[in-house]
Amino acid sequence: MNIREVVIISGKGGTGKTTLTASLASVAEERRILADADVDAPNLALLLNPRETGRQPFFGMPISEVDREQCTGCAICEKACRYNAIHVRDGKAVVDEGFCEGCRVCLHVCPERCISLKTIERGIIRRGNTALGPLWHARLYPGGENTGLMVALLRKEARKEAEASGASLIITDGPPGIGCPVTSSVTGGDFAVIVSEPSRAALSDLRRAAGLCGILAVPFGIVINRWNLSEELTETIKETCGNEGWPVLGTIPFEEKIAEAVGAGRIPTVEMGDALPALWHGIQKTGRLKR
């Protein structure tokens with residue numbers, strides 16, 4: 001089975017990325033698996049209303065812990081730690097779990113050998129059934145680390161189910177920006193859809209997102225959402241895309257009926273009209289998703 005993955009990203013938040021993800025999933029004809037890789041602020045489930053069928057804890061990377069009975073408070077570990085994550089207090093070494101990176105230096109320098117590694121739960125990965133197909137989504141707990149690792153595990157689970165079920169398509173709602181979770185979402189994908197909007201900030205962020213896709217060698221195309229809020233800036237974005245050789249897949253207007261549908265928790269498939277299937281076919285053609 002030749003499984004293709006489309007990742008929807010944006011250089012900035014608030015461009016309508018999640019709405020577009022759900023809308024594209026509603027018109028895709030292929031058997032599909034859905035994934036929400038925005039683990040810091042997942043909201044695809046708000047539109048898809050999954051019925052949960054499974055969950056698993058996410059532990060992330062191990063961190064250090066000190067056996068207070070054996071610790072002599074020599075402070076060698078404190079001096080060796082480059083992350084300022086371990087300090088001697090009241091004669092005993094104490095690990096700040098929010099700063100520890102699990103580099104193991106303290107384990108190697110401790111003369112008493114009283115430091116070990118432990119794992120703590122950093123988040124939860126969930127699976128649910130929706131009207132559009134299975135949804136894999138997750139949430140990182142506040143202050144949790146290893147977002148990129150969590151995204152990678154989430155995508156791995158989605159792909160495993162696609163392979164087992166015979167699904168030929170994975171549609172992933174990626175996080176905004178260009179940081180670690182975005183890199184983890186796009187790496188290895190077959191095609192990225194970058195959602196932009198007519199603003200100077202969005203154009204700047206579009207350049208960064210396109211640059212990231214170029215570095216990762218993932219082909220991409222641009223969708224301009226709410227294009228009619230500024231026709232002048234929309235033309236500027238199109239001109240920039242033309243100069244850079246970036247394909248513009250289509251545009252979506254701002255219409256109150258679309259916003260009202262999303263506000264009511266509905267996927268605006270009907271409200272977007274014929275433009276939505278045309279956009280999906282453009283993504284299939286440009287991304288060469290059908291083989």
Side-chain angles (χ1 to χ4, degrees), residues 5 7 9 13 35-42 54-127 136-161 163 172 174-189 208-209 211-218:
E5 182 177 9
V7 185
I9 62 173
D36 188 348
D38 189 0
V39 300
D40 287 301
R55 61 169 57 193
Q56 62 189 66
F58 170 72
F59 291 99
M61 301 295 288
I63 61 174
S64 299
E65 71 172 345
V66 179
D67 185 338
R68 293 180 60 84
E69 295 296 324
Q70 297 185 52
C71 179
T72 62
C74 67
I76 293 176
C77 57
E78 181 177 356
K79 296 174 183 177
C81 180
R82 301 297 297 271
Y83 298 99
N84 199 33
I86 189 166
H87 302 279
V88 175
R89 297 170 184 163
D90 299 324
K92 301 292 183 180
V94 179
V95 177
D96 187 329
E97 296 180 350
F99 282 88
C100 181
E101 294 285 334
C103 69
R104 306 179 185 227
V105 167
C106 57
L107 276 72
H108 293 291
V109 301
C110 177
E112 304 300 325
R113 297 292 184 264
C114 66
I115 303 178
S116 59
L117 294 178
K118 69 172 182 178
T119 56
I120 60 175
E121 189 172 324
R122 296 290 195 182
I124 191 79
I125 297 176
R126 295 184 172 94
R127 183 204 179 276
W136 284 90
H137 56 125
R139 179 176 290 278
L140 193 71
Y141 295 153
E145 297 288 343
N146 307 123
T147 313
L149 177 59
M150 191 180 203
V151 170
L153 291 175
L154 179 74
R155 292 179 64 207
K156 182 179 180 181
E157 292 294 339
R159 183 163 289 272
K160 282 170 57 179
E161 178 162 359
E163 292 171 348
T172 300
I178 59 169
C180 182
V182 184
T183 300
S184 187
S185 299
V186 174
T187 300
R208 298 193 303 160
L212 176 65
C213 291
I215 292 172
L216 298 175
V218 174

Visitor: Between OG1 of T119 and CE of M61, what distance do you get to the nearest 0.5 Å?
Guide: 11.5 Å

Visitor: Nearest 0.5 Å, what's the OG1-CG distance between T172 and D36?
Guide: 9.0 Å

Visitor: For residues R122 and I63, report the shortest heavy-atom separation together with the two atoms involved.
Guide: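 Residues R122 and I63, closest heavy atoms: NH2-CG2, 3.9 Å.
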
Visitor: As an exercise, state the distance from OG1 of T187 to CG of L216, rounded to the nearest 0.5 Å.
Guide: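 Reported value, rounded in 0.5 Å steps: 4.5 Å.
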
Visitor: Enter the distance from H108:NE2 to R113:CZ here, rounded to the nearest 0.5 Å.
Guide: 9.0 Å

Visitor: For the CZ atom of R127 and the CD atom of E157, what is their distance to the nearest 0.5 Å?
Guide: 10.5 Å

Visitor: Can you check whether P176 reaches D38 side chain to side chain, under 4.5 Å on heavy atoms?
Guide: yes

Visitor: Treating R104 as the side-chain partner and L117 as the backbone partner, does any N or O pair qualify as donor plus acceptor under 3.5 Å?
Guide: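 Side chain of R104 to backbone of L117, a donor-acceptor pair under 3.5 Å: no, none is there.
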
Visitor: Just how far is it from atom CD1 of I86 to atom CD1 of I76, taken to the nearest 0.5 Å?
Guide: 11.5 Å

Visitor: Decide yes or no for P181 and V151: does some side-chain heavy atom of the first lie under 4.5 Å from some side-chain heavy atom of the second?
Guide: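 Result yes, sub-4.5 Å side-chain heavy-atom pair found.
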
Visitor: Write down the atom of C77, the atom of V109, and the distance for their closest heavy-atom approach.
Guide: CA-CG2, 4.0 Å

Visitor: Hey, does I9 have a side-chain heavy atom less than 4.5 Å from the side chain of L212?
Guide: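 No, too far: nothing below the 4.5 Å cut-off.
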
Visitor: Under 4.5 Å between any side-chain heavy atoms of I120 and E97, yes or no?
Guide: yes

Visitor: Could you tell me if the side chain of E5 sits less than 4.5 Å from the side chain of R159, heavy atoms only?
Guide: yes

Visitor: How about F99: does its CZ atom have over 12 heavy atoms from other parts shown lying under 6.0 Å from it?
Guide: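 Result for CZ/F99: open.
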
Visitor: Assess the residue pair C106 and C81 against the criterion (side chain to side chain contact (heavy atoms under 4.5 Å, CB included)); give the C-alpha distance rounded to whole Å, side-chain angles, the decisive distance to 0.1 Å, and a yes or no.
Guide: CA-CA 7 Å; C106 57; C81 180; 5.9 Å; no

Visitor: Which atom names give the shortest non-hydrogen contact between C213 and V186, and what distance separates them?
Guide: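 Nearest pair, atom of C213 first, then V186: SG-CG1, 4.4 Å.
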
Visitor: Does F58 form a side chain to side chain contact (heavy atoms under 4.5 Å, CB included) with L149? I'd like the steps, not just the answer.
Guide: CA-CA 9 Å; F58 170 72; L149 177 59; 4.0 Å; yes

Visitor: Just by distance, do the side chain of R208 and the backbone of G177 share a donor-acceptor pair under 3.5 Å?
Guide: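 Not confirmed, R208 side chain does not pair with G177 backbone.
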
Visitor: Can you give me the closest heavy-atom contact between S184 and G148, atom names plus distance?
Guide: OG-O, 2.7 Å

Visitor: As a quick check of understanding, evaluate side chain to side chain contact (heavy atoms under 4.5 Å, CB included) for V94 and R68, giving each step before the final call.
Guide: CA-CA 9 Å; V94 179; R68 293 180 60 84; 3.8 Å; yes

Visitor: With the side chain counted from C-beta on, respond yes when V95 and E65 share a heavy-atom pair under 4.5 Å apart, and no when they do not.
Guide: no

Visitor: What's the shortest heavy-atom distance between D40 and R139, and which atoms?
Guide: O-NH1, 4.0 Å

Visitor: Give the minimum heavy-atom separation between Q70 and C114, together with the two atoms involved.
Guide: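 Taking Q70 first and C114 second, the nearest heavy atoms are CB-CB, 3.5 Å.
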
